[in-house]
J.: 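Quick one: structure below, then a few questions.
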Amino acid sequence: MPMALFIVGGCISGRPGNSSEWPNVVGEWRLSGEIAEYTPETLYKYIDGAAEVYRSFNVRRVWARKYTKNGLSDIVVDVFEMATAADAFGVYRHEIRQGEDVGVGQESEYLRGTLSFWKGRFFVVITPYDDSAEVRETVLHIGRFLEKSFAEEGEQPRMLQYCPEEERQSGKIRYFHNHICLNQYYFLSDKNVLLLNQETEGLVVPYGDTENNRIILILVKYPDERSCSQAFTSFLEFLSETCLIQNGFAIHNDGTVTLSGRCAEYLVVVRNTPNKEHMNRLYHEVIASIQESGTNSRRKD
Amino acid sequence: MMYNRFSRRSFLKRSAGSAAGLISFVSSVSRADANEKTSRVVLVRDINVLDDQGVVNSSVLGRMLDDAVIALTEESDVSKAWKRVVSPDDTVGIKSNVAGPPRTPPELENVIRDRVVAAGVDPIRVAVDDRGVLNNPVFQKATALINVRPMRSHHWAGVGSLIKNYIMFSDNPPSWHEDSCANLAGLWELPIVRGKTRLNILVMLTPLFHSKGPHNYNKAYVWDYKGLLVGTDPVAVDATGLRIIEAKRLEFFGEYQPLPVSPKHIKLAETKFGLGIADPARIDVKKLGWEDGLLI
């Protein structure tokens, strides 16, 4: 049964760096201390180690606040302003999401007290170190209050439009810039064989609902055709050193197969299934979709 | 040398030139030597070290640590064992970790401080610190370090454990994050650290086996393991802690679920930096106490 909580203070204008943006009281929890603000350069002082994750998704600013109640651990609220909505989506999707979707923001998860959600360019995590019905209600109230302050929703990565929807496992899509993040979602190599950096954008998109028919699509957008071409050359060198090349397919030692190609500034990698026909179809659908989008591209492989 | 087992006879032979007979620490060995050596790690557990609310029982914790140090040094009693760790002439920095949860339990910090003082070190020359070590006069003058922190999975290093705990001795911690923190063992070459570490204690009371959120923590991913891992070789202790974390992940997720970031810095600590031994086949794990759910 929902608990009745009252909220005091706070106005809504989408500027979490301003103290007046935060509710002063939520139920028996009170806002405590001053707002702390961090930049990409200073974030490690607040969250050493994990800061690199947010820097990987182009964090611009972070605001942190605490709510306190006598006898209980603090509730910590962290608001991350990312460079783009795609980055907010990416940083939310960075982690395994096993918890309940509580309908806050564009996507949300509530797990053992912690609420995470993204909306627009903002990613929010509310962390209590206790877990109870009262804490849950308080955390959800704070989350919903903040959600309203971010007026505009944001787009998921635009390049998702090139990924066919049939059999797509949309809840498991990951977005990345660099190879350290890519390797957490799908391991290709210890080396940066796709020449990824903060200027590149990529998606890991799983297809098929079982391990037996699973295909992984990796789609990377480079700043220009030249850098994409260099990356494709690098990737082909990697494949030729580690795989048997047959009829355009790279056969790996473990029996998995890779099909890859380039279309304008996009590099397409399809992996994992022994069903080459299925892979081929997905690959050509992606290429056709990019070409149709008006990039005036053609396949070069 | 720290990489050998601590038989009393071999220890006395090795430390013949050392007046105090302290545990000696060598920060690098040749690869040829490393292949022949083993490291001892003591895993001590007690079901009563935490109550139902997770509150630490200090006396049980102190006994666990004493038992581990006795097993490590192969001395006959607590007093002799701790005098092998520090001497009255030492200035001792206890490098803790407050960045949790879980953080280093204050109860454990107090136990270590008490034992160091009981071994004859003037309390004014003992300090516990984490974030402020570079500006702490005791750490600046330290002749001995005791490294103590909890095992936590980590977003960028795979795991945050003993090797990584010295990152606060760097004046530029983010500079060690490159390549998923591959070169963390290089921290142990910094002048403020090199050759000073006498004891490494990896706190396994409530290890964090999966990272979540900016504060790297969710209650869903900790469990009451109620243990300490103790050794003189930080690499061997970390490698053993990692085995426990990986076993827990297998049990929890029901299938092999590798850490999102490979904790390769532990293996590189051996193969690139010669800091210690990461190969489980060359680590002698001595297990004491509670046996349920050991995982290794």
J.: Please look at A:F80 and chain B and tell me whether the side chain, the backbone, both or neither of the residue comes under 4.5 angstrom of a heavy atom of that chain.
T.: side chain
J.: Given that the side chain runs from C-beta out, which part of A:E41 has a heavy atom under 4.5 Å from chain B: side chain, backbone, both or neither?
T.: neither
J.: Is A:S116 in contact with chain B via its backbone, its side chain, both, or neither, using a 4.5 Å heavy-atom distance?
T.: neither
J.: For the residue pair B:H155 and A:H94, does the interplanar ring angle fall in the parallel (under 30°), tilted (30 to 60°) or perpendicular (over 60°) class?
T.: tilted
J.: State which residues pass ring-ring contact (aromatic ring centres under 6.0 Å, His included) with B:F252; sequence neighbours excluded, sorted by chain then number.
T.: B:F209, B:Y221
J.: Which one wins on heavy-atom pair count under 4.5 Å against chain B: A:V125, A:T127, A:L111, A:V91?
T.: A:L111
J.: State the CG-NE2 distance between B:D179 and A:H179, to the nearest 0.5 angstrom.
T.: 6.0 Å
J.: Please answer whether the main-chain N or O of B:P214 pairs with a side-chain N or O of A:D78 as donor and acceptor at a distance below 3.5 Å.
T.: no
J.: Check the orientation of A:Y129 and B:H215. Use parallel for under 30°, tilted for 30 to 60°, and perpendicular for over 60°.
T.: perpendicular
J.: Nearest 0.5 Å please: distance from the NE2 atom of B:H210 over to the CD atom of A:E95.
T.: 7.0 Å
J.: So with a 6.0 Å cut-off around CG of A:D254, is the heavy-atom count from everything else above 12?
T.: yes
J.: Please classify the contact of A:V76 with chain B as side chain, backbone, both or neither, using a heavy-atom distance under 4.5 Å.
T.: side chain
J.: Can you confirm whether more than 12 heavy atoms, excluding those of A:R30, are under 6.0 Å from its CZ atom?
T.: no
J.: Is it true that, when you exclude A:K66 itself, more than 12 heavy atoms of the residues, nucleotides or ligands shown sit nearer than 6.0 Å to its NZ?
T.: no
J.: Please state whether the side chain, the backbone, both or neither of A:I180 comes within less than 4.5 Å of a heavy atom of chain B.
T.: side chain
J.: If you draw a 6.0 Å radius around CG in B:D51, do more than 12 non-hydrogen atoms from other residues or ligands fall strictly inside?
T.: yes
J.: Which heavy atom of A:Y54 sits nearest to which heavy atom of B:G213, and what is that distance?
T.: OH-C, 3.6 Å
J.: Using a 3.5 Å distance criterion without hydrogens, assess whether the side chain of B:K212 forms a donor-acceptor pair with backbone atoms of A:I96.
T.: yes
J.: Kindly give the heavy-atom pair with the smallest separation between A:Q98 and B:F253, and that separation in Å.
T.: NE2-CE2, 3.7 Å
J.: Tell me, for B:A220 versus chain A, whether the close heavy atoms (under 4.5 Å) come from the side chain, the backbone, both or neither.
T.: both
J.: In Å and rounded to the nearest 0.5 Å, what is the CH2 to CD distance from B:W156 to A:Q184?
T.: 6.0 Å
